[in-house]
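Since the structure is predicted, the reported quantities are computational estimates derived from the model, not experimental observations.
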Amino acid sequence: MSYPSSFGAPAVPPLAAAGDPDLSVFGGDPLWLILLKAVAVFAFLLLMTLFAIVFERKVVARMQQRVGPNRHGPKGWLQSLADGVKLMLKEDIIPVLADRPVFILAPVVSAIPAFLAFSVIPFGPEVSIFGHHTALQLADLPVAVLFVLSASSLGVYGLILSGWASGSTYPLLGSLRSAAQIISYEVAMGLSFVAVFLNSGTLSTSGIVAGQRHWWNVVLVPSFIIYCIAMVGETNRTPFDLPEAEGELVGGFHTEYSSIKFAFFFLAEYINTVTVSAVATTLFLGGWQPPPIPYFSHFDTGWFPVIWFVLKLLAFLFLFIWLRGTLPRLRYDQFMAFGWKVLIPVGLVWLLAVATFKVYRENVTDRTPWLIGFGIAVGILLIITLVDPGARKHAERLEAAERERTRNAPSLDRIPWPPPQPSSKSPSPPYGPGPNRPSSVIVAGGPRQES
Amino acid sequence: MLSNYVPILVLLVIAAAFAIGSVIMGSLVGPKRYNRAKLDAYECGIEPSPEPAGPHRFPVKFYLTAMLFIVFDIEIIFLYPWAVAFGSLGIFGLVEMVLFIATVFVAYAYVWRRGGLEWD
């Protein structure tokens, strides 16, 4: 159990550990070690992408009573590698209406930040590589989580630019949808992190993992649920895959892309999926720490923690695939309403509740501020409940206006059936009903009695 | 402290080299058999519309979403340093932040009530 002294196991989570975290173990690596670690992270992400694509296809296939890919490599596990090579050898089409430089740059802009976001994720504790003592983490910053958020936000530029530069309708709409969706759910995602920082008192990922030695922090569970929903929205995956809704938008922002450029959007999407899973593991599930089962908790030094980390990561990947195999796609207005009207208020209220709880626990003797905080929280809840009827009234007004507008419009009930005859001089046309039939059947607008 | 960023720069260089190199290689390796249908904008196989929904025209709703995002994202960025320093701020920090969040909440309630969060 070799932890830096400032992260020693406290009886309560280190609330008062404000200030700069101890990052002295980072930043002192020799260049060869930095290169080694950077290449390792890069290779890990590429391998995880290749694995995740086949894994997803196989699992979804099993969920749909199919076999899935089983031709390339042992049991089909090299399928995505074959797909990559095939895409590389395909024709590279740039439409005439496209803005050429931006069109070519967009997949690159989309892929690079996806790689970068992973650089501050801890794989394990300090180990010794070729006699050099170092942490199993490429880099750590005092603002590491902020760095992850900013890097993943930069990926939005790739999407927007690709849609804008394609000079085509569907990609533009798809990219706008993507961007609106990602920024909407990023608010909820950022809110869910605040409870973690309240708990750990630091933004550095290694500090957060160390602060979760006793990781089942019950107060974090609602934030964890909010994060899990937001991360699915953030990565454009089912049931929130509206930007790529095949039935409405052809393929979304990458409709006009082919060949290796298309492959890079695909790569970026899967790397983002892996990254949000890794962030969830690090911030909410104790990162590389072993599960709290008595026997396993001995394996928390050296290279063993990498196994726990990868296992937790794979569990999240499976969750993504499970969702895809189970849930239908939402409608866009439902989706946006859910993000703005449910996740954000719930996140804010829960955040205040966690903060109040922390203060309360530290100042049990003095109950007045607790009561004040509670009163304010109740006030905020009251505001929410007051707002809702207003919104409903607004919707009713809109609906009434819509009814008024369409009152005189033709509707199915008012379409005369059968159509009025231009001139009914001849009482019984040769092809019409027989002479015994009552002629009232043909009255315009009357009920349809004959078929 | 800046030396902490060096590994990120190294990863940036590796990723950029990989991405740019692959795109260049993809354009060299692939066949080039262009024809008019391939170079047109794709609209499910029908003749593409003469003026696609170009870069200058898209629903104003997206601007609104972007502005709301900026407001809320700044609010959340304010929350981060507060959360990190919360242990030493204590009750003062809680009351301050409740006042701040209440202010933003009033704006949020106003936007909601005026239908700014409806997507129609």
Side-chain angles (χ1 to χ4, degrees), chain A residues 15-16 18 26-27 34-35 38 41-42 88-93 95-97 108 111-112 115-116 119 138-139 141 164 167-169 172 176 180 183-184 187 190-191 194 197-198 201-203 255-256 259-261 264 333 336 340-341 348 352 355-356 359 369 373 376 380 383 387 390-391 394, chain B residues 1 3-8 10-12 14-16 18-20 22-23 25-27 29-33 38-44 48-49 52-53 55 58 62 65-66 69 72-73 76 79-80 83-88 90-91 94-95 97-98 101-102 105 109 112-113 115 117 119-120:
Chain A
L15 253 184
F26 300 98
I34 291 175
L35 265 176
V41 168
F42 179 76
M88 178 70 108
L89 297 174
K90 286 289 173 183
E91 181 172 353
D92 191 17
I93 298 169
V96 272
L97 286 177
V108 179
I112 292 176
F115 280 106
L116 285 191
S119 57
L138 180 61
L141 313 170
W164 183 86
S168 179
T169 307
L172 182 76
L176 285 173
I183 63 177
S184 297
V187 176
L191 267 178
V194 180
F197 305 147
L198 278 174
T202 176
L203 287 179
T255 302
E256 295 291 351
S259 179
I260 197 73
K261 298 202 191 79
F264 266 93
D333 58 332
M336 294 300 270
W340 284 100
K341 295 181 181 173
L348 274 175
L352 284 180
T356 316
V359 167
I376 292 170
I380 289 172
I383 291 177
V387 165
H394 179 75
Chain B
M1 204 43 122
S3 61
N4 282 359
Y5 289 85
V6 173
I8 297 176
V10 173
L11 186 62
L12 173 73
I14 295 176
F18 172 68
I20 295 170
S22 301
V23 167
M25 205 172 130
S27 64
V29 168
K32 287 172 189 58
R33 290 186 290 268
K38 279 185 192 171
L39 294 177
D40 264 347
Y42 180 73
E43 286 185 19
C44 308
S49 34
F58 48 80
F62 289 108
T65 306
F69 162 72
F72 279 94
D73 215 35
I76 286 162
L79 286 175
Y80 282 6
V84 170
F86 187 68
S88 49
I91 295 165
L94 178 66
V95 173
M97 198 37 77
V98 165
I101 290 181
F105 229 97
W112 189 336
R113 188 155 194 162
L117 302 181
W119 193 281
D120 33 36

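For chain B, the nearby part of A:Lys90 is the backbone; its heavy atoms alone come within less than 4.5 Å. Using a 4.5 Å cut-off between heavy atoms, B:Phe69 contacts chain A through both its backbone and its side chain. The contact between B:Val23 and chain A is made by backbone and side chain atoms together, counting heavy-atom distances below 4.5 Å. Only the side chain of B:Ile101 comes within contact range of chain A, with at least one heavy atom under 4.5 Å from a heavy atom of that chain. At a 4.5 Å heavy-atom cutoff, the contact between A:Met336 and chain B is made by side-chain atoms alone.
Between B:Gly26 and A:Ser259 the shortest heavy-atom distance is O-OG, 4.3 Å. Closest approach of A:Ile112 to B:Ala19, counting heavy atoms only: CG1-CB, 4.4 Å.
How far OG of A:Ser119 is from CG of B:Asn4: 11.0 Å, rounded to the nearest 0.5 Å. Here OG of B:Ser27 is found 13.5 Å from CD1 of A:Ile93. Values are rounded to the nearest 0.5 Å. The structure places CE of B:Met25 at 8.0 Å from CG of A:Leu89, a figure rounded to the nearest 0.5 Å. How far CE of B:Met97 is from CG of A:Leu198: 9.5 Å, rounded to the nearest 0.5 Å. Between atom CG of residue B:Leu94 and atom CD1 of residue A:Ile376 there is a gap of 7.5 Å, rounded to the nearest 0.5 Å. Atom CG of A:Leu35 sits about 6.0 Å away from atom CD1 of B:Ile14, to the nearest 0.5 Å.
Heavy-atom pairs under 4.5 Å with chain A peak, among B:Ala16, B:Ser22, B:Ala66, B:Ala102, at B:Ser22. The choice from A:Ile183, A:Asp92, A:Leu352, A:Val96 that makes the most heavy-atom pairs within less than 4.5 Å of chain B is A:Ile183.
Within the 4.5 Å cutoff, side-chain heavy atoms of A:Leu141 are placed close to those of B:Ile8. Taking 4.5 Å as the limit, every side-chain heavy atom of B:Leu12 sits out of range of all side-chain heavy atoms of A:Phe115.
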#### Entry: Residue pair A:Leu191, B:Leu79: steps toward the side-chain contact (heavy atoms from CB on, under 4.5 Å) verdict
CA-CA 8 Å; A:Leu191 267 178; B:Leu79 286 175; 3.9 Å; yes
### Task
Go through the steps to decide whether A:Trp340 and B:Trp112 satisfy the test side-chain contact (heavy atoms from CB on, under 4.5 Å), and finish with yes or no.
CA-CA 9 Å; A:Trp340 284 100; B:Trp112 189 336; over 6 Å; no
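Of the possible polar contacts, one joining the B:Tyr80 side chain to the A:Gly190 backbone as a donor-acceptor pair under 3.5 Å is found.
Under the ring-ring contact (aromatic ring centres under 6.0 Å, His included) criterion, B:Phe105 pairs with B:Tyr108, sequence neighbours left out.
Taking the six-membered ring where the residue is Trp, B:Phe18 and A:Phe264 present tilted rings, their angle falling between 30° and 60°.
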